[in-house]
Amino acid sequence: MSTRTIPMTDALYDYFLGVSLREPAVLARLRDATLAHPEASMQISPEQGQFMRFLIRLMGAKRAIEIGTFTGYSALSVALAMPDDGYLVACERREEFTKIGQPFWREAGVADRIDLRIGKAVGTLEAMLEAGEGDTYDFAFIDGDKKNYVNYYDLCLQLVRIGGVIAIDNALWSGRLTDETLDDPATTAIRTLNESIRDDDRVDMSLLPIGDGLMLARRIV
Ligand code: CA
């Protein structure tokens, strides 16, 4: 028994996956297709994808935003959990990443739910606001370049409706946040955003130690 989050040993992690992972075959194949990629560690863990599908269904989310699509595993997770008229704006700067995932989006029958926007996400999100899409999204997943995390959060908080949820990946940043000798832009940005969400009265929040840490913020005003 413990009053704190249990340490995840390799054996317990294997058990955890064995007893709880329900990964659709198409997602497993996309995960395999990404494994050989030199930046494969940027992909979310399968249990995190499952949690996000659970969250999307719990919320009944139909309109979502993703920042940092990489090879498309998290986008496919979100799109699969949404209804037929679901809509996901997927922002990715490097088109070559998304070409790995797109065949799997089509195979899963959800490619028409994913509106891929190649380019810098700050510009994409600003254009969405200028087009009058503020307060219209149910869910946003932030997993792009870390130095822009504060900007992404500020923009997503304008794009999601009251009651909408923003999920921010890598909120525990492989434990680097507690190393006070580290002050690189990415580490500093994650520390800054974590602390500002803790103190942000506009949201309910909870930081889950799943994957590399998933910060959840629910807009309340
Ligand atoms: Ca990530």
Side-chain angles (χ1 to χ4, degrees), residues 8 13 17 21 23 27-28 30-56 64-81 88-101 104-105 114 116-122 124-125 139-156 160 165-179 182 184-197 205-217:
M8 194 61 87
Y13 184 64
L17 290 183
L21 188 65
E23 186 180 39
L27 275 171
L30 174 50
R31 193 151 58 88
D32 281 347
T34 304
L35 272 180
H37 196 285
E39 294 176 79
S41 67
M42 294 200 326
Q43 181 173 268
I44 64 168
S45 65
E47 68 273 20
Q48 182 177 333
Q50 180 168 326
F51 172 72
M52 287 166 57
R53 293 194 297 283
F54 186 94
L55 184 61
I56 291 286
I65 301 166
E66 173 174 272
I67 300 161
T69 294
F70 187 46
T71 66
Y73 184 95
S74 47
L76 182 53
S77 272
V78 168
L80 279 169
L88 169 67
V89 175
C91 305
E92 174 56 56
R93 192 171 57 82
R94 294 174 63 179
E95 187 170 21
E96 67 270 23
F97 288 163
T98 64
K99 289 197 184 307
I100 296 171
F104 297 90
W105 298 352
I114 303 175
L116 180 62
R117 309 278 184 94
I118 301 297
K120 292 185 176 175
V122 166
T124 301
L125 300 171
F139 178 79
F141 178 53
I142 298 177
D143 193 17
D145 59 302
K146 308 312 171 201
K147 67 182 188 312
N148 267 311
Y149 257 30
V150 173
N151 294 328
Y152 295 147
Y153 175 74
D154 287 342
L155 290 161
C156 285
V160 300
V165 169
I166 303 172
I168 300 133
D169 199 38
N170 303 104
L172 293 175
W173 201 223
S174 305
R176 291 194 284 270
L177 303 175
T178 57
D179 182 344
L182 295 180
D184 58 280
T187 302
T188 301
I190 293 172
R191 280 192 194 114
T192 300
L193 183 57
N194 283 343
E195 290 165 15
S196 75
I197 293 175
M205 55 81 69
S206 184
L207 171 49
L208 297 190
I210 189 172
D212 191 29
L214 187 66
M215 176 71 89
L216 299 175

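Quick caveat, the model's predicted, so the values are computed rather than measured. Any value given below was found using the heavy atoms of this structure, including those in side chains, with hydrogens, waters and symmetry copies removed. Numbering of ligands and ligand atoms starts at 1, following listing order.
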State which residue, out of V122, I168, L125, D143, fulfils the side chain to side chain contact (heavy atoms under 4.5 Å, CB included) condition with I67. L125

So which atom in L21 and which in E47 form the shortest heavy-atom distance, rounded to 0.1 Å? CD1-N, 3.9 Å

Please determine whether the number of non-hydrogen atoms from other residues, nucleotides or ligands lying under 6.0 Å from atom OH of Y13 exceeds 12. yes

R176, CZ atom: more than 12 neighbouring heavy atoms under 6.0 Å: yes

I would like to know whether K99 and E95 meet salt bridge (Lys or Arg N to Asp or Glu O under 4.0 Å); could you show each step before the answer? CA-CA 7 Å; K99 289 197 184 307; E95 187 170 21; 3.7 Å; yes

At a cut-off of 3.0 Å, list the protein N/O/S atoms near the Ca ion (ligand 1), residue plus atom name. D143 OD1, D143 OD2, D169 OD2, N170 OD1

What are the two closest heavy atoms between G101 and L30, and how far apart are they? CA-CD1, 3.9 Å

